[in-house]
Protein chains: 4
Amino acid sequence: MPLNNVESLFAASLQEADLSEKQKAVLRASLTLFADKGYDRTSTADIARLAGVSEGTVYKKFKTKREIFEAITAPFVDQVLPTAAGEFFQEIAGTAFPDFRSLLTFAVHDRIVFGLTNRRELKIFVQEIVSDPKMFSMLAARVSRLFTQGLAPLFKQFQDTGELVRWDAVRIGRHIISTVLAYVLPSVITGTASMDAEQATQEIVAFLMKGLHP
Amino acid sequence: MPLNNVESLFAASLQEADLSEKQKAVLRASLTLFADKGYDRTSTADIARLAGVSEGTVYKKFKTKREIFEAITAPFVDQVLPTAAGEFFQEIAGTAFPDFRSLLTFAVHDRIVFGLTNRRELKIFVQEIVSDPKMFSMLAARVSRLFTQGLAPLFKQFQDTGELVRWDAVRIGRHIISTVLAYVLPSVITGTASMDAEQATQEIVAFLMKGLHP
Amino acid sequence: MPLNNVESLFAASLQEADLSEKQKAVLRASLTLFADKGYDRTSTADIARLAGVSEGTVYKKFKTKREIFEAITAPFVDQVLPTAAGEFFQEIAGTAFPDFRSLLTFAVHDRIVFGLTNRRELKIFVQEIVSDPKMFSMLAARVSRLFTQGLAPLFKQFQDTGELVRWDAVRIGRHIISTVLAYVLPSVITGTASMDAEQATQEIVAFLMKGLHP
Amino acid sequence: MPLNNVESLFAASLQEADLSEKQKAVLRASLTLFADKGYDRTSTADIARLAGVSEGTVYKKFKTKREIFEAITAPFVDQVLPTAAGEFFQEIAGTAFPDFRSLLTFAVHDRIVFGLTNRRELKIFVQEIVSDPKMFSMLAARVSRLFTQGLAPLFKQFQDTGELVRWDAVRIGRHIISTVLAYVLPSVITGTASMDAEQATQEIVAFLMKGLHP
DNA sequence: AATGAATGAGTCTTCATTCAT
DNA sequence: GATGAATGAAGACTCATTCAT
């Protein structure tokens with residue numbers, strides 16, 4: 001079963017050519033602090049200190065503190081989620097899943113690993129979603145589209161074989177996502193990685209296979 | 001089916017005798033602003049303005065901004081959650097549920113109504129949980145105890161009749177909670193109440209009854 | 001040797017008819033707090049709390065915080081000092097001091113007891129003098145007048161008998177006062193009364209008798 | 001007779017390399033205002049205005065208003081007093097004083113000049129001593145030690161030659177200090193320098209030579 | 001007379017942001 | 001590109017004072 005190859009999404013975005021070493025340090029420090037204390041409770045002085053640069057340097061590439069935030073989260077929402085979804089599809093398209101359980105097992109495990117790997121970015125993201133309803137709505141719409149457009153045909157295939165209940169794709173997606181999040185979010189929020197991805201996958205799949213059975 | 005009779009938990013706490021009308025306005029304004037913009041992005045000047053009082057009045061009863069926050073959330077975590085759980089148990093104990101579906105339907109519906117009714121307090125709560133890992137851990141421990149101590153015997157009863165899968169109480173609780181939250185949290189975060197509690201209850205119960213079947 | 005009979009100057013001023021029991025409590029509390037923490041660091045809320053009255057009551061008799069201060073210090077400077085001086089003179093006039101040592105011993109002991117008795121009032125006074133040059137100048141002028149007008153004839157008498165050096169009255173006064181203060185002020189500032197007035201008088205007189213000898 | 005060469009103690013501390021021109025202006029303005037109005041009655045806005053800088057600048061180097069106070073007084077108590085005492089001793093050790101009068105004349109004149117030169121720092125110091133008994137006790141202990149340890153041998157020398165009364169060093173010190181302060185403090189408190197150091201020295205020495213004679 | 005809730009100007013402090021070097 | 005001193009607009013909080021009851 002192929003593993004998620006976008007493990008270090010943020011690290012990848014740090015490779016971008018137009019960022020000096022110090023700018024990257026700023027991003028890294030911001031990521032740490034935003035995740036630890038939240039955006040509002042992190043000062044630009046904090047960032048400069050942890051990054052080991054001057055306060056002026058923080059503002060050389062990024063015009064505002066908000067821009068730093070976006071440099072961290074925008075890739076996440078604009079590229080990473082779709083990209084991840086894209087790769088996800090390619091995996092799915094490239095692999096002939098013999099049954100729904102195989103697909104579910106792969107998908108759940110993949111997303112758990114993704115979530116744990118990008119734990120800190122995810123936490124920043126979650127904090128913002130909870131504070132900013134617009135961001136939540138945007139994300140919800142995007143995920144809805146992913147299910148209604150991208151995944152619906154796949155679901156139909158398993159619904160036709162009698163392996164998947166004939167609910168609409170969004171409802172199915174909602175059940176899957178909430179079940180996965182129930183295992184991933186505690187690690188994201190507490191910042192600990194103490195989770196057995198294999199065991200979690202087993203438990204989730206066992207529950208979902210029954211819950212989503214026709 | 002008995003309905004949640006703690007609908008107006010916050011309103012109830014506003015009745016407390018030692019709060020003047022203006023002090024109550026401060027609490028009300030704080031609740032609104034904290035829920036809308038978050039604790040950090042709400043200034044005491046904002047609160048004073050919305051409450052229609054001077055900034056000095058804000059600090060007459062509450063010595064710090066944080067105390068206002070706690071005046072809103074502490075009742076929630078210290079009394080409301082246990083109280084709600086207590087009433088919940090009394091309902092359950094007082095009512096002889098003929099089967100697991102009846103219990104589940106009641107519980108799910110009750111919590112959905114509770115969540116929607118206390119939408120704004122819940123949002124403030126969620127914002128803090130996401131920012132403060134300690135609060136998350138505390139809440140997780142409390143809920144765990146609720147399931148392992150309070151609900152385990154009830155679960156056992158239905159496990160013996162073959163209606164409920166023989167998983168441990170925490171895992172069962174996790175699946176139930178995450179499924180309910182998947183329906184409630186969107187309303188909490190966006191601040192809209194546009195949700196059909198009956199329909200949601202039906203969908204959730206249908207899913208859980210299968211997922212938690214032995 | 002007559003003893004200072006104005007021991008409780010402040011207590012006396014508290015007897016005034018136009019002060020209710022609560023108003024007196026306000027004055028008492030203010031005296032304590034001003035002496036302990038200084039005028040600026042004492043809030044009217046502190047005063048109300050220690051006096052056991054409401055904040056409104058503090059302002060019933062006294063229109064401003066400053067007025068409370070003056071109610072404490074004005075008697076001190078306007079009546080107490082002159083009054084004390086007056087009584088002092090009467091004692092001196094009434095008593096035929098056989099020699100300068102007798103006069104000095106009486107005066108020094110009297111002023112030490114006076115200072116220790118009114119320790120807290122004195123401390124408030126000293127704090128204000130140090131902060132407000134005008135008050136210092138006023139006091140200096142008053143004391144100068146006391147010596148040049150009131151005491152000069154007396155000094156002359158002992159200068160004529162060869163018991164007292166022929167310096168001007170202000171200089172003599174300066175030496176006497178500074179020597180006495182060197183013993184009294186430490187107790188005033190630290191707020192402790194741990195001082196032996198008899199021993200101090202002896203030491204001071206021994207030193208002054210030599211220093212002021214022709 | 002050597003003159004005190006630490007005349008501009010504060011100015012010297014302003015030369016420190018890690019202070020920008022504006023930071024020095026902040027210290028200078030604070031010194032002026034603290035001396036004029038006292039610490040509590042000086043606002044940081046006052047300081048910024050007089051220094052010609054923004055309020056933010058005031059807090060760039062000094063994290064609190066109290067730190068500014070300490071930047072002014074700490075050198076005074078931690079370095080200046082001991083240093084001054086040290087130089088004072090070296091002068092005394094380096095110079096062979098033929099008699100007690102020579103020593104006294106030098107010491108008194110030196111301390112008068114020192115006090116007048118550092119008039120404003122001294123005033124701030126005095127204000128704090130009067131408000132804060134702890135500071136007074138600390139200073140008193142330090143000065144006591146200076147006399148019992150550093151000066152006692154010197155005193156003994158003159159006591160053996162019959163030039164100095166056989167009182168303990170602290171008592172001798174107390175008489176000297178109070179007599180000097182009687183001349184210096186008026187200038188310190190009123191902020192005027194209108195004093196003839198030579199004349200004052202003469203008067204003080206004349207009085208002390210007699211008062212401290214065996 | 002007494003209360004205590006209410007006020008609003010003012011205080012210390014923080015912080016995102018700018019700019020001369 | 002990088003620095004860090006400087007800014008000034010808020011921010012949380014205090015407090016002397018007032019006034020309806």
Side-chain angles (χ1 to χ4, degrees), chain A residues 19-23 25-26 40-49 51-68, chain B residues 18-23 25-26 40-48 51-68, chain C residues 19-23 25-26 40-49 51-68, chain D residues 18-23 25-26 40-48 51-68:
Chain A
L19 283 181
S20 74
E21 205 45 55
K22 303 225 170 191
Q23 310 292 1
V26 168
D40 288 308
R41 292 168 198 181
T42 298
S43 75
T44 52
D46 287 339
I47 294 171
R49 200 175 311 117
V53 303
S54 72
E55 287 192 61
T57 300
V58 172
Y59 280 82
K60 200 68 192 184
K61 174 73 185 175
F62 309 103
K63 301 255 183 303
T64 66
K65 184 184 168 190
R66 192 73 196 170
E67 262 185 32
I68 302 178
Chain B
D18 60 343
L19 283 182
S20 73
E21 207 43 61
K22 301 226 173 190
Q23 310 290 1
V26 168
D40 288 310
R41 291 169 198 181
T42 299
S43 74
T44 52
D46 289 338
I47 294 171
V53 303
S54 73
E55 261 197 272
T57 299
V58 173
Y59 281 87
K60 201 66 188 193
K61 175 76 185 174
F62 307 103
K63 270 174 274 302
T64 65
K65 183 183 166 192
R66 191 72 196 173
E67 255 185 39
I68 303 179
Chain C
L19 283 181
S20 73
E21 206 45 58
K22 302 224 171 195
Q23 311 291 0
V26 167
D40 288 308
R41 292 169 199 180
T42 298
S43 73
T44 52
D46 287 339
I47 294 171
R49 202 175 309 119
V53 304
S54 72
E55 287 191 62
T57 299
V58 173
Y59 279 83
K60 201 67 192 183
K61 173 75 184 173
F62 310 103
K63 301 256 183 302
T64 66
K65 183 184 168 190
R66 192 72 197 171
E67 262 186 30
I68 300 177
Chain D
D18 59 342
L19 284 181
S20 73
E21 207 44 58
K22 301 224 173 191
Q23 311 289 1
V26 167
D40 288 310
R41 291 169 199 181
T42 299
S43 74
T44 52
D46 288 338
I47 295 171
V53 303
S54 72
E55 262 198 273
T57 299
V58 173
Y59 280 86
K60 201 67 189 192
K61 175 76 185 173
F62 308 103
K63 272 175 273 299
T64 65
K65 184 184 167 191
R66 192 72 196 171
E67 255 185 39
I68 302 178

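Order of the sequence lines sets the chain letters (A, B, ...), proteins ahead of strands, with each chain counted from 1.
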*asked:* I need a per-nucleotide contact map over nucleotides 13-21 of chain F, read 5' to 3'. Cutoff is protein heavy atoms under 4.0 Å; write B for the base, S for backbone only, - otherwise.
replied: BB-BBB---
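- Between F:dG8 and D:S54, no contact under 4.0 Å exists linking OP1 or OP2 to a side-chain N or O.
- Look at F:dA5: its Watson-Crick or wobble partner, with both distances under 3.5 angstrom, is E:dT18.
- The NZ atom of B:K60 lies 13.0 Å from the NZ atom of B:K22; values are rounded to the nearest 0.5 Å.
- In this entry the distance linking CD of B:E21 with P of E:dG4 reads 19 Å, nearest Å.
- Shown here, F:dA10 forms a base pair with E:dT13; the pair counts as Watson-Crick or G-U wobble because both key distances fall under 3.5 Å.
- If you take CZ of B:F62 and P of E:dA5, they are 12 Å apart, rounded to a whole angstrom.
- Looking at B:K65, its side chain does come within 3.5 Å of a backbone N or O of B:T42 through a donor-acceptor pair.
- Picking from F:dT3, E:dA6, E:dT3 the nucleotide with the shortest atom distance to the side chain of B:Q23 gives E:dA6.
- In this structure, C:R41 CZ and C:D46 CG are separated by 13.0 Å, a value rounded to the nearest 0.5 Å.
- Toward the 5' end of DNA chain E, the nearer of the two residues B:K22 and C:G52, judged by each one's closest nucleotide, is C:G52.
- In this structure, the separation between OH on D:Y59 and CD on D:E55 is 7.0 Å, given to the nearest 0.5 Å.
- For the pair D:K61 NZ and F:dG4 P, the computed distance is 13 Å after rounding to whole Å.
- Note on D:V53: only backbone sugar-phosphate atoms sit closer than 4.0 angstrom, heavy atoms only; bases stay farther off.
- Between the P atom of E:dC12 and the CD1 atom of D:I47 lies a distance of 8 Å, rounded to the nearest Å.
- In this structure the side chain of B:T44 never reaches within 4.5 angstrom of the side chain of B:I68, judged on heavy atoms.
- Side chains of D:K61 and D:L19 form a contact here, defined as non-hydrogen atoms less than 4.5 Å apart.
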